[in-house]
Amino acid sequence: MSEENREEKKTGPCDQEPETAETTEQTAGTEEASEESAADAEPEKEPVGKKDPKDAQIEELQDRLRRQMAEFDNFRKRTEKEKASMYEIGARDIIEKILPVLDNFERGLAAVPEDEKGSSFAEGIEKIYRQFVKTLEDAGVEAIEAVGQTFDPNLHNAVMHIDDEQYGENEVSQELQKGYRYRGTVVRHSMVQVAN
């Protein structure tokens with residue numbers, strides 16, 4: 001054999017020192033120590049994009065609760081408004097039905113002859129009429145002023161026109177039937193005669 005081949009044999013893979021159990025344990029111990037020190041130095045961080053499932057569930061439940069509370073509040077306000085409007089509609093309906101009775105009271109009092117105006121019957125009817133009017137006023141019903149006012153189509157219903165110089169233009173000269181308002185809204189327009 002030549003010298004080169006002999007040298008290769010000396011440095012071949014079989015000639016290397018085998019690792020002992022002692023060196024393997026030292027290496028493993030060093031790796032564990034370095035991992036522990038790294039764990040102590042930096043606490044584990046959650047990935048930025050991910051949340052804890054419990055936190056996500058809490059946020060979802062809180063959001064649902066807020067939405068349901070808002071829906072309930074809107075429902076409460078809507079029902080209160082509907083209740084108030086139903087009361088208004090019902091009250092207006094009753095008032096519209098009572099007004100002809102009031103008109104008949106006024107016609108009856110106007111038809112009482114002069115010689116009977118002081119009688120107890122006539123006075124009793126007039127007291128009932130005044131009580132009736134006061135009750136309506138307490139409920140929010142008020143008569144619309146017409147005579148001497150400028151014609152307003154929102155309040156008055158013109159059924160006649162006259163040419164009379166003692167009245168101004170578009171002035172109500174006569175009220176043929178009283179009009180009434182309930183809490184600011186017109187229940188019945190005044191039926192009037194208007195001067196041109």
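Residue indices begin at 1 and follow the sequence shown. Note: hydrogens, waters and symmetry copies are ignored here, and every other heavy atom, side chains too, is used.
For S173 (side chain) and Q193 (main-chain N/O), a donor-acceptor pair under 3.5 Å exists by modelled atom type. Not a single donor-acceptor pair under 3.5 Å links the side chain of H189 to the backbone N or O of G179.
Taking K134 as the reference, D138 meet the salt bridge (charged side-chain N to carboxylate O under 4.0 Å, His left out) condition, with sequence neighbours excluded. Residues that satisfy the side chain to side chain donor-acceptor pair (under 3.5 Å) test with S120, not counting sequence neighbours, are absent from this structure. Remark: K54 engages no residue in a salt bridge (charged side-chain N to carboxylate O under 4.0 Å, His left out) (not counting sequence neighbours). Residues that satisfy the salt bridge (charged side-chain N to carboxylate O under 4.0 Å, His left out) test with K97, not counting sequence neighbours, are D93. Legend: residues meeting side chain to side chain donor-acceptor pair (under 3.5 Å) with E80, ordered by chain and number and at least two apart, are R76. Applying the side chain to side chain donor-acceptor pair (under 3.5 Å) test to N104 and every residue at least two apart in sequence or in another chain returns R107. Partners of E114 according to the salt bridge (charged side-chain N to carboxylate O under 4.0 Å, His left out) rule, which considers only residues two or more places apart in sequence or in another chain, are K117. Judged as a side chain to side chain donor-acceptor pair (under 3.5 Å), and not counting sequence neighbours, the contacts of D63 are R67.
No side-chain heavy atom of Y129 sits under 4.5 Å from any side-chain heavy atom of I125. For the pair V147 and Q174, the minimum side-chain heavy-atom distance is 4.5 Å or more. Between F121 and V112, the closest side-chain pair of non-hydrogen atoms is not below 4.5 Å. Between V141 and V187 there is no side-chain heavy-atom pair separated by less than 4.5 Å. You'll find the side chain of Y180 stays beyond 4.5 Å of the side chain of L136, heavy atoms only.
We find that E123 and K127 are not joined by a salt bridge, their nearest charged nitrogen and carboxylate oxygen being 4.0 Å or further apart. Using a 4.0 Å cut-off between charged nitrogen and carboxylate oxygen, R183 and E88 count as a salt-bridge pair. For the pair D73 and R78, the salt-bridge criterion is not met [side-chain N within less than 4.0 Å of a carboxylate O].
The minimum heavy-atom distance linking Y182 with I95 is given by the pair CD1-CD1, 3.3 Å. Closest non-hydrogen pair, A158 versus F151, comes out as CB-CE1, 3.6 Å. Residue T150 comes nearest to H156 through the heavy atom pair O-CE1, 3.7 Å, listed as atom of the first residue, atom of the second, then distance. Scanning all heavy atoms of the two residues, the minimum distance from V192 to A146 falls at CG1-CB, 3.9 Å.
The hydrophobic cluster containing V194 does not contain L176, counting ILVMFWY residues as joined when their side-chain heavy atoms lie under 4.5 angstrom apart, directly or transitively. Cluster annotation: I94 is not connected to I89 through the hydrophobic network of ILVMFWY side chains, with a link wherever side-chain heavy atoms come within less than 4.5 Å. Hydrophobic clustering keeps Y167 apart from M160 (ILVMFWY residues linked when any side-chain heavy atoms are closer than 4.5 Å, directly or through intermediates). Cluster annotation: V159 is not connected to V172 through the hydrophobic network of ILVMFWY side chains, with a link wherever side-chain heavy atoms come within less than 4.5 Å.
The list of salt bridge (charged side-chain N to carboxylate O under 4.0 Å, His left out) pairs with a residue in residues 166-179, not counting sequence neighbours, reads E106-K178. Legend: salt bridge (charged side-chain N to carboxylate O under 4.0 Å, His left out) pairs involving residues 141-160, not counting sequence neighbours, sorted by first then second residue: E142-R181.
Other members of the cluster containing L155 are I144, V186, with ILVMFWY side chains joined at under 4.5 Å, either directly or via other members. Under the 4.5 angstrom side-chain criterion for Ile, Leu, Val, Met, Phe, Trp and Tyr, the cluster partners of L65 are M69.
Here CG of N157 is found 6.0 Å from CE of M191. Values are rounded to the nearest 0.5 Å. The CG atom of D103 lies 12.0 Å from the CD1 atom of I98; values are rounded to the nearest 0.5 Å. Note that CG of D55 is 13.0 Å distant from CD of E60, once rounded to the nearest 0.5 Å. Distance check: N154 CG to T185 OG1 gives 12.5 Å after rounding to the nearest 0.5 Å.
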